Peer 1: 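Mind having a look at this structure? Questions to follow.
Naming: A, B, ... by sequence-line order, numbering from 1 per chain. From a predicted model like this one, the values you see are computed outputs, not experimental measurements.
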Amino acid sequence: MLEIKNLHARIGDNEILKGLDLTIPLGEVHAIMGPNGSGKSTLSYVLSGKPDYEVTEGSATFDGQDILALAPEERAAAGVFLAFQYPIEIPGVANMTFLRAAMNAQRKTRGEEEISTPDFLKLVRAKAPDLGITQDMLRRGVNVGFSGGEKKRNEILQMALLQPRLCILDETDSGLDIDALKVVAQGVNALRSPDRAMLVITHYQRLLDHIVPDVVHVMHKGRIVRSGGAELALELEESGYAAYGQNAA
Amino acid sequence: MPAVQETVERVRALDVDQYKYGFVTDIESEKAPKGLSEDTIRYISAKKNEPEWMLDWRLQAYRRWLTMPEPTWARVSYPKIDFQDYYYYSAPKAAPKSIDEINPEILKTYEKLGIPLRERDALLGIESSGGSRVAVDAVFDSVSVATTFKAELAKAGVIFMPISEAIREHPDLVKAYLGSVVPVSDNFYATLNSAVFSDGSFVYIPKGVRCPMELSTYFRINERNTGQFERTLIIADEGAYVSYLEGCTAPQRDENQLHAAVVELVAMKDAEIKYSTVQNWYPGDKDGKGGIYNFVTKRGDCRGDNSKISWTQVETGSAITWKYPSCILRGDNSQGEFYSIAISNGYQQVDSGTKMIHLGKNTSSRIISKGIAAGHSENTYRGLVSAHRKATGARNFTNCDSLLIGDRCGAHTVPYMEAKNASAQFEHEATTSKISEDQLFYCLQRGLSQEEAVALIVNGFVRDVLQQLPMEFAVEAQKLIAVSLEGSVG
């Protein structure tokens, strides 16, 4: 279970999270919606430990463990995964090499054996085709020359291989056409499980047609201002974020 | 697991301060008196039982050297070297006649480095590494201790031996080629080397012979304050092919050690020489104290038509590096290549690059240089591409990338180009980038540690060059890159 209490965080002098409370039990998918600048992406960075974001107050625990006290790579090994809004390119490092390095690094931190080459290949072959990841994409440099959709699918492949316990998806739908959106949503839905919590950050309702959340939260000015069922997303689609001082973009 | 793959791990386990190869072998050694004079040179020559002509050659070089100023154009700074404060010759006492007579202490040192000195070990290495074989001519300080696979190479007609032996056994070959690529008076350090060179490798591949195995030499500098002046001469006769690997490690030292090597390559008509180096000498401690001064002259002469010379280097060590492996493209249609990874960390200073001198028609050259600077280091690429007025159709492609890690290091690119005929085509690409915070965080978020992330990103950056190395060497080089960048972030 993810439990965030009264979380305040800032970047430089700019306070962005201003007392955020959020609880996501294992097995549930929660969506956070909100206007631009409400602090959605900041929340994902603070939870995953991006440098430059400073937590000034409050707490965030996952299964009782204080994740804010951990280094970013320790959080990853503890099961925190962030699907990036803008996945990063690493030229010259084959996608396969990166996937395997990540997997083994996490295993090492948890005190587990490295995965054998045949096991690793088997795993990749089992997961990649469903996400439309070709051999060529596995051989190319990480995200180098990938289209927007390919990058997002590659994020979901990493998630499928690393089997995290807390998945944070930051605007995974941005830049996707409807077909790509479906593939990504299928990949995410396949990972829904009773011992996994998911936080889906999005600006638009359409992603939530495909990944149906258990709870929808509305974020505004660094706090959760409203929570409800999946129908809340539909309502927001109708009325926009006008009630929160901004028109739907 | 092949010995080369274990090299880094084994030595790493020793964990001596920052430098992983810092250990000293305790053996008795025999030295020339400190300092440099005609007497020193006579001493060296006598120790080697050299013929008169060799001594004359050395003395001529020495007299020339006395008139030469020390070059100051490189982008490196260091306290003035007192050339009288070095020993110019150091050899283990009583040179061994066979491998069994080798001092076990020396064998142990090589074992720590994972070098398959004993043929048996080398053979074991073969089985596990999938068929490639390496002959090792081990240079311990100044004397080649043992040469393996000699007999098998002899069967193919290949001559691979310490140059001191070649001077005695193949004087005509040595006379014909020594100094023919790097003349005695070429530059300050090459001239010094010509006067006092102690040993090195000699390779001759006869006409039409493809050398049956990779040739390899490991150098270690062991004796306190010993300049190592190694001299290598490789000749590939018409239609011959050879791949030569050079690997270097040295024990940790407080005093700066002087190293001025000369390597000459000659490729006759249709011949090809591949020369690969992994250089990992002591770079100095974390405050910039100590470390090797490395002033090297490496040059290949594509003497015949359709010949090819390829330099590949991975430079991770030394406090000062001054090194420009070059190609003279004399024969028509000859090709020169230079692939380089130069990594500097701590207070290391690297000024390295290449010269491609196009003299023949339709000659082509290719330069791929990857410089990585971390810590407080300075990393300079200096390159010359020139086409003679008769070198019609000369082509060059240069790609020169620099990567910065942190904000206290420097990367510099100094390309010179001279085209004296209108048909020459030169292309130059250069980039300078930093490892971005975003790349690092992306890796960390996936579970990699800071150091693993940097090593991964850097290995990606240098991939084009790593691919040029023989496979076993590439594995070792990849690990060395990780080791030499330890502590460069955060």
Peer 1: Is atom CD of B/Glu437 surrounded by more than 12 heavy atoms (other residues, nucleotides or ligands) closer than 6.0 Å?
Peer 2: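 No, because the 6.0 Å sphere around CD of B/Glu437 holds 12 heavy atoms or fewer from other groups.
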
Peer 1: For A/Tyr86 and B/Tyr442, I'd like to know if the aromatic rings sit close, meaning centre-to-centre distance below 6.0 Å.
Peer 2: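 Not close enough - the centres of the two rings lie 6.0 Å or further apart.
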
Peer 1: So what's closer than 4.5 Å to chain B heavy atoms on A/Val142: side chain, backbone, both or neither?
Peer 2: side chain

Peer 1: Side chain from CB out, backbone as N, CA, C, O: work out which of these in B/Arg446 comes under 4.5 Å of a heavy atom of chain A, or both, or neither.
Peer 2: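 For B/Arg446, the contact with chain A is made by backbone and side chain together.
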
Peer 1: Would you say A/Glu89 and B/Asp438 make side-chain contact, with heavy atoms under 4.5 Å?
Peer 2: no

Peer 1: Please report the interatomic distance CG(B/Leu456) to OG1(A/Thr97), rounded to the nearest 0.5 Å.
Peer 2: 7.5 Å

Peer 1: A quick test of your reading: do over 12 heavy atoms of other residues, nucleotides or ligands sit less than 6.0 Å from CZ of B/Arg382?
Peer 2: yes

Peer 1: With a 3.5 Å distance limit and no angle check, can you tell me whether B/Gln445 reaches the backbone of A/Leu82 through a side-chain donor-acceptor pair?
Peer 2: yes

Peer 1: Pick whichever of A/Arg107, A/Arg75, A/Met103, A/Glu155 has the most heavy-atom pairs under 4.5 Å with chain B.
Peer 2: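 Result: the option with the highest number of such pairs is A/Glu155.
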
Peer 1: Do B/Ile457 and A/Ile90 have side chains that approach each other closer than 4.5 Å (heavy atoms only, starting at C-beta)?
Peer 2: yes

Peer 1: Supply the atom-to-atom distance A/Lys108 NZ to B/Leu448 CG, rounded to the nearest 0.5 angstrom.
Peer 2: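 Result: 8.5 Å between the selected atoms.
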
Peer 1: Which heavy atom of A/Ala105 sits nearest to which heavy atom of B/Gly447, and what is that distance?
Peer 2: CB-O, 3.3 Å

Peer 1: Relative to chain B, which of A/Asp52, A/Val93, A/Thr109 shows the most heavy atom pairs under 4.5 Å?
Peer 2: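 The option with the most such pairs is A/Val93.
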
Peer 1: For B/Gln439, is it the side chain, the backbone, both, or neither that has a heavy atom closer than 4.5 Å to a heavy atom of chain A?
Peer 2: both

Peer 1: Side chains of A/Pro51 and B/Phe441: does their closest heavy-atom pair fall under 4.5 Å?
Peer 2: yes

